[in-house]
Amino acid sequence: MDLINLTTSTINEKPPSWLKSGKAANLEPGEYKCIEDRIRSMVNTETPVLLYYAFDRRTRVGPFVGPDISMPNCGIRAVGGAMYKAGFKNTRVIFGPWNPNFDFRYAKLDGKTPQIFGIGSMQIHEADAHEKIRQANSLNGDRPLIIGGGPHANYQAYDYFNPNPKESVDVAVRGELNVTLALLEIILTHKGEKETMLQGYERARDEGALNTIKGIMYVAKDRGALIDTGKPLQVLDFDEFPREIIGLGLLEPKHKGKGLRNAPVPLDKLKDQGLETVSTLTTAGCNFNCSYCPIPKMHQFSERAKSPARMVSEFKEILEEVGPVMFFGTDDNAFAYGKEQLVDLYTKMAQATVNGKPFRDTVWYGTEATEHQASLYKDLFPLMRAGGLRAIWFGIEDLTAELVKKGQNPDKTIEVFKLLNENGISPMPMMMHFDKQPLRGPKGKLEGILDQIDFLREHGANSVQITYNSPSIGSEDYKKHFENGRVLAKAGKMDVESYLFDGNHVVSTTDENPVKRQDNIIAAYDSFYNLRNYFQAFGSYARARLTKNKTALDVASTGFVMQIHGRRALRISRRNIEEWRKNLATKVFEFAKAPPESSIPILSVE
């Protein structure tokens, strides 16, 4: 099946008014397609390309347990879709959790070693990423062009490089799909007909052509410096990007082998592999600027989105080709675009059908928003539910607003959660425990994390996420954690590796007894996901089924499922965090003196 023939992209000559450039420089409308076309005119379609999403199983703690296996990362899928649509038809995408024993040394596509090996990673998964880099480099003369990407490249690109070439990528992409394609175009223009992509890359590097691409970092030929080409250009209108279904059709089957299967998973067999939720790029950017969050700065304070028509067509397309799945919008703040956009989107969703049935009955869609903006648009909740919205994850963080002020407060929480439940939409608050916050506060107050969890459950929360305020690369607060001298470098016998910076492991605190803070997180989860709440959730579900109350069943079924998954995740989390907890309990610590820095000097072309 040619995935491109399933679908086409859209170019809106005049992007909608709700899209905002912020401080970013954008490609001209239609330029992304022009880059695609130029690449397609040069590329050998049989060039083998392998993309890998890195995964460190030690991160299976807290809210990551479950979705980390059942929801293939949308970023690496998007890169695969972009390369396939630009003409690299022999592209395969490996989702690390599905292929735990993958070893690049055994990778063959149609009997050939991949010419391009792209690695997408978060900071917390860098150990796996670096292992795959070593594997690829071990092939010496047969090694591929190695490209680092993902959030790790966006925030800490230098960490992909090492003075030892056996431990290093060739280039890191610090931008989005347009930057990846711009890099490939330059390589192809410098590559001889019978040369490899690595040879084309090296010629482009040596001739200085890479410096024309905004948003990459690469190592100089003599390895004496890293070259940073500056801030990436952005595509304002996400309709120009390839459709989600292309990347979904490139996924490697789930197995425990070291190599690759002969073909990717057919779309209608993805659910057999364990796919439950499809994460989709819907919007990007946030109009809040919290000091602990790097996202607004990474998106250069822009607010971008797919059009409502594009979102509707993609939901339909995936449900028809893949089958019944849930959707999670990778939004930073889905309600940031104003009422006009929300009315347009959810009206189109409410009017849409899948196999003759309305979205309300066929689509399970969850997204992220702030409580403040949900309150502003609460009159739209009935329309949103008619369009298939089933859950909203709220970054409430702290109900007292002592940690951060985002317009949240207890009264607003009661009102918003009540209205959401009445309309069949589940509130899913995300909380952040922090140094000044006790486990329990004075009776009748909401000072303690357990006080807030109890309050949220009482007023209709169907799930809860609790992380600890930790150093987040790219954020305003990142260096402050180190300046305070309380970021752990070693606890007991354990060195503090990158996987511990996931918000679920306490790695930075002024508390003299960090294990107490760690135990608070587990206690907070246990106060929500427990037998009492499990049976209450089951009772609500059973009553809704008996009374055939559709709206009540919408919420109750989600609540019951979240209790099942939450209790399982808590058991796994306790087990996976135990070694770290024991080492915290020793009270023998070493502290980091400064944030990590590049092992190679960085030069900017700007």
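Predicted, not measured: the structure shown is a model, and the values here were computed from it.
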Just wondering, do [Y] and [X] contact through their side chains at under 4.5 Å, heavy atoms?
{"X": "V65", "Y": "S573", "result": "yes"}
{"X": "V325", "Y": "T277", "result": "no"}
{"X": "T280", "Y": "E314", "result": "no"}
{"X": "E415", "Y": "S375", "result": "yes"}
{"X": "Y534", "Y": "N530", "result": "no"}
{"X": "E36", "Y": "P242", "result": "yes"}
{"X": "I39", "Y": "F88", "result": "yes"}
{"X": "S279", "Y": "N73", "result": "no"}

What is the minimum heavy-atom distance between [X] and [Y], and which atoms define it?
{"X": "L399", "Y": "Q452", "result": "N-OE1, 3.0 Å"}
{"X": "P100", "Y": "P97", "result": "CD-O, 4.0 Å"}
{"X": "A401", "Y": "Q408", "result": "CA-NE2, 3.9 Å"}
{"X": "S470", "Y": "G503", "result": "OG-CA, 3.9 Å"}
{"X": "A284", "Y": "H299", "result": "CB-CE1, 3.5 Å"}
{"X": "M562", "Y": "S463", "result": "CE-CB, 3.4 Å"}

Is there a donor-acceptor pair closer than 3.5 Å between any side-chain N or O of [X] and the backbone N or O of [Y]?
{"X": "R92", "Y": "L109", "answer": "no"}
{"X": "D331", "Y": "N333", "answer": "no"}
{"X": "N576", "Y": "R60", "answer": "yes"}
{"X": "E371", "Y": "V416", "answer": "no"}
{"X": "R77", "Y": "I246", "answer": "no"}
{"X": "T467", "Y": "N504", "answer": "no"}
{"X": "N462", "Y": "V555", "answer": "yes"}
{"X": "E252", "Y": "F95", "answer": "no"}
{"X": "Q373", "Y": "Y337", "answer": "no"}
{"X": "N421", "Y": "G460", "answer": "yes"}

Aromatic ring pairing [X]/[Y], orientation class (parallel under 30°, perpendicular over 60°, tilted between):
{"X": "F241", "Y": "Y32", "result": "perpendicular"}
{"X": "Y541", "Y": "F560", "result": "parallel"}
{"X": "F315", "Y": "F359", "result": "tilted"}

Item to complete: Not counting sequence neighbours, which residues clear salt bridge (Lys or Arg N to Asp or Glu O under 4.0 Å) with D332? List them please.
Response: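 With neighbours one apart ignored, the set is empty.
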Discussion item. Among residues at least two apart in sequence or on other chains, which ones pass salt bridge (Lys or Arg N to Asp or Glu O under 4.0 Å) with K412?
Written reply: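 If we apply the salt bridge (Lys or Arg N to Asp or Glu O under 4.0 Å) test to K412, skipping adjacent residues, there are no hits.
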Tell me yes or no: between the side chains of [X] and [Y], is some donor less than 3.5 Å from an acceptor?
{"X": "N533", "Y": "Q563", "answer": "no"}
{"X": "Y292", "Y": "E397", "answer": "yes"}
{"X": "T59", "Y": "D502", "answer": "no"}
{"X": "S302", "Y": "Q234", "answer": "yes"}
{"X": "D128", "Y": "Y52", "answer": "yes"}

Hey, what do you get for [atom1] ([X]) to [atom2] ([Y]), rounding to the nearest 0.5 Å?
{"X": "L181", "Y": "C34", "atom1": "CG", "atom2": "SG", "answer": "12.0 Å"}
{"X": "I425", "Y": "L419", "atom1": "CD1", "atom2": "CG", "answer": "10.0 Å"}
{"X": "T413", "Y": "F455", "atom1": "OG1", "atom2": "CZ", "answer": "5.5 Å"}
{"X": "L27", "Y": "I35", "atom1": "CG", "atom2": "CD1", "answer": "5.5 Å"}
{"X": "R385", "Y": "L389", "atom1": "CZ", "atom2": "CG", "answer": "8.0 Å"}
{"X": "K89", "Y": "Y84", "atom1": "NZ", "atom2": "OH", "answer": "4.5 Å"}

Discussion item. Please evaluate residues E176 and N178 with respect to the criterion side-chain contact (heavy atoms from CB on, under 4.5 Å), reporting the C-alpha separation (whole Å), side-chain torsions for both, the decisive distance (0.1 Å), and the verdict.
Written reply: CA-CA 6 Å; E176 296 168 348; N178 55 295; 3.8 Å; yes
Discussion item. Set out, in order, the CA-CA distance, both residues' side-chain angles and the distance that settles salt bridge (Lys or Arg N to Asp or Glu O under 4.0 Å) for K306 and E244, then state yes or no.
Written reply: CA-CA 12 Å; K306 286 179 181 173; E244 302 277 355; 3.0 Å; yes
Item to complete: Go through F417 and H459 one step at a time and tell me if the ring pair (Phe, Tyr, Trp, His ring centres under 6.0 Å) criterion holds.
Response: CA-CA 7 Å; F417 281 26; H459 292 288; 8.3 Å; no
Discussion item. Tell me whether R567 forms a cation-pi arrangement with Y529, defined as NZ or CZ under 6.0 Å from the six-membered ring centre and within 45 degrees of its axis.
Written reply: no
Worksheet item: So is R304 actually on top of F238's ring, under 6.0 Å and inside 45° of the axis?
Response: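 Not flagged: R304 not positioned over aromatic ring of F238.
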Worksheet item: Looking at F328 versus W393, is the centre-to-centre ring distance below 6.0 Å?
Response: yes
Item to complete: Take R574 and D526 through the test salt bridge (Lys or Arg N to Asp or Glu O under 4.0 Å) and record every step on the way to the result.
Response: CA-CA 10 Å; R574 287 183 191 275; D526 195 42; 3.5 Å; yes
Worksheet item: Given the rule in the side-chain contact (heavy atoms from CB on, under 4.5 Å) test, do L260 and I94 qualify, once you have shown the distances and angles that lead to the verdict?
Response: CA-CA 9 Å; L260 304 175; I94 297 180; 3.4 Å; yes
Worksheet entry | Step-by-step salt bridge (Lys or Arg N to Asp or Glu O under 4.0 Å) determination, D37 to K85 | CA-CA 9 Å; D37 292 341; K85 192 163 183 286; over 6 Å; no
Worksheet item: Can you tell me if CZ on F538 sees more than 12 non-hydrogen neighbours from other groups inside 6.0 Å?
Response: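 Not buried by this count: 12 neighbours or fewer within 6.0 Å.
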Worksheet entry | Check ion pair D237-R310 (N to O, under 4.0 angstrom) |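 Judged by the 4.0 Å cut-off on N to carboxylate O distance, D237 and R310 do not form a salt bridge.
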Worksheet entry | Sidechain N-carboxylate O distance under 4.0 Å for K348, D344 |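 Yes, this pair counts.
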Discussion item. Using the rule side-chain contact (heavy atoms from CB on, under 4.5 Å), only one of M122, R58, H125, R57 pairs with Y499; which is it?
Written reply: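 The passing option is R58.
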Worksheet entry | Residues which pass side chain to side chain donor-acceptor pair (under 3.5 Å) with N262, listed by chain and number, not counting sequence neighbours |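 Scan of N262 (side chain to side chain donor-acceptor pair (under 3.5 Å), adjacent residues dropped) gives none.
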Worksheet item: Passes side-chain contact (heavy atoms from CB on, under 4.5 Å), F528 versus Q465? Steps please.
Response: CA-CA 10 Å; F528 193 93; Q465 172 182 314; over 6 Å; no
Worksheet item: Checking side-chain contact (heavy atoms from CB on, under 4.5 Å) for the pair T353/T362: CA distance, chi angles, key distance, verdict?
Response: CA-CA 8 Å; T353 61; T362 53; over 6 Å; no
